[in-house]
Amino acid sequence: IGSKNEISRNYNLALQLALDIKRTEDYRSIRSEAIKRDIDCTYIELYDARYYELIGQKEKSKELYDKHIHSNDVMYIWNSIGFYRRNRYDEELKQIYTEILNKLGKHELAIYNPESLIYDAFIYLADIDIYTALDMYEKYADIFISMNHFKGHESTGFGGALKNIG
């Protein structure tokens, strides 16, 4: 049968898979079984948000994403960004990108390989509000430059930061 953690992991994977292949009836069935069996599904609200988007109830989906907009949980962050982009919720996207940049700048958020997220955020912010993008860049430029500096050392040794010049 497996440990409680294995069962939880399997249910979470089954829920994700049902959503990824857009089988909403299977999702509802698996979700119902998980609730009935008191299975820990850490991201149930995230899954529900994806489910509501799939069945065309975007406002319900948005309510769940909005509830976690200030989260430090990377799963919610990435999924919220995707939802807000797909559905052109520009103000919410501006808010989440600004908050992420603030948290990264203050070392309050840990994201693996944050460079692509930072690049995405600046490009997006510059497109919709150049002043916010410039403000964020001025505010945290030294932090973002130092992230690149250390990345250079990690990959090429002592003089690695030189690859970022020019």
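All values reported here derive from a predicted model rather than from experimental measurement.
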Do Leu15 and Arg31 pass the side chain to side chain contact (heavy atoms under 4.5 Å, CB included) test, and can you show the C-alpha distance, the side-chain angles, and the key distance before you say yes or no?
CA-CA 7 Å; Leu15 289 166; Arg31 185 190 190 286; 3.9 Å; yes
ring-ring contact (aromatic ring centres under 6.0 Å, His included) pairs touching residues 13-32, sequence neighbours excluded, are Tyr27-Tyr51
Working to the nearest 0.5 Å, report the span between CG of Asn102 and CG of Leu109.
11.0 Å
Is there a continuous path of hydrophobic side-chain contacts, each under 4.5 Å between heavy atoms, that joins Trp78 to Met75?
yes
Qualifying residues under side chain to side chain donor-acceptor pair (under 3.5 Å), relative to Lys67, sequence neighbours excluded:
Glu45
Looking at Asn10 and Glu6, would you say the former's side chain and the latter's main chain have a donor-acceptor pair under 3.5 Å?
yes
Identify, with sequence neighbours excluded, every residue that meets side-chain contact (heavy atoms from CB on, under 4.5 Å) alongside Glu63.
none
Partner set under side-chain contact (heavy atoms from CB on, under 4.5 Å) for Lys22, not counting sequence neighbours
Leu54
To the nearest 0.5 Å, tell me how far Lys60 NZ sits from Tyr52 OH.
4.0 Å
Decide whether Ile96 and Tyr119 are clustered together by the hydrophobic rule: side chain heavy atoms of Ile, Leu, Val, Met, Phe, Trp, Tyr closer than 4.5 Å, transitively.
no
Those residues at least two apart in sequence (or on a different chain) that pass salt bridge (Lys or Arg N to Asp or Glu O under 4.0 Å) with Lys4 are none
On a heavy-atom basis, which atom in Ala133 and which in Ala126 lie closest, and how many Å separate them?
CB-N, 3.6 Å
When clusters are formed by joining ILVMFWY residues with side-chain heavy atoms under 4.5 Å apart, either directly or through shared neighbours, do Val74 and Leu101 land in the same one?
yes
Tightest non-hydrogen contact, residues Ala34 and Tyr11, listed as CB-CD2, 3.7 Å
Closer than 4.0 angstrom, basic N to acidic O: yes or no for Glu53 and Arg86?
yes
Quick one: pull up CG in Asn79 and OG in Ser61 and give me the separation to the nearest 0.5 Å.
9.5 Å
Return the CG to OG1 distance between Asp135 and Thr132, rounded to the nearest 0.5 Å.
7.0 Å
Got a sec, which residues hit salt bridge (Lys or Arg N to Asp or Glu O under 4.0 Å) with Arg28, two or more places apart in sequence or on another chain?
Glu25
Partners of Asp73 by side chain to side chain donor-acceptor pair (under 3.5 Å), sequence neighbours excluded?
Tyr43
Looking at CG of Leu104 and CD of Glu108, how far apart are the two atoms once the value is rounded to the nearest 0.5 Å?
9.5 Å
Are the side chain of Asn87 and the backbone N or O of Phe83 linked by a donor-acceptor pair below 3.5 Å?
yes
Kindly state each residue pair satisfying salt bridge (Lys or Arg N to Asp or Glu O under 4.0 Å) with at least one member in residues 7-20, sequence neighbours excluded.
Asp20-Arg50
Side chain to side chain contact (heavy atoms under 4.5 Å, CB included) assessment of Leu134 paired with Leu125
CA-CA 9 Å; Leu134 290 173; Leu125 289 172; over 6 Å; no
Is a donor on one side and an acceptor on the other found under 3.5 Å between the side chain of Lys103 and the backbone of Thr98?
no
Check side chain to side chain donor-acceptor pair (under 3.5 Å) between Gln16 and all other residues, then give those that pass, not counting sequence neighbours.
Tyr47
Would you please name every residue forming a side chain to side chain donor-acceptor pair (under 3.5 Å) with Ser8, sequence neighbours left out?
Asn12
What residues form a side-chain contact (heavy atoms from CB on, under 4.5 Å) with Ile128, not counting sequence neighbours?
Lys94, Tyr124
What distance do Tyr65 atom OH and Ile81 atom CD1 have between them, rounded to the nearest 0.5 Å?
11.5 Å
Neighbour count >12 (heavy atoms, 6.0 Å) for atom CZ, Arg85
yes
Validation row: Thr42, Asp40 side chains within 4.5 angstrom (heavy atoms):
yes
Please list, chain by chain and in numerical order, all residues satisfying side-chain contact (heavy atoms from CB on, under 4.5 Å) with Glu92, sequence neighbours excluded.
Lys62, Asp66, Ile69, Tyr84, Tyr89
Considering only heavy atoms from C-beta outward, does the side chain of Ile118 approach that of Ile100 to under 4.5 Å?
no
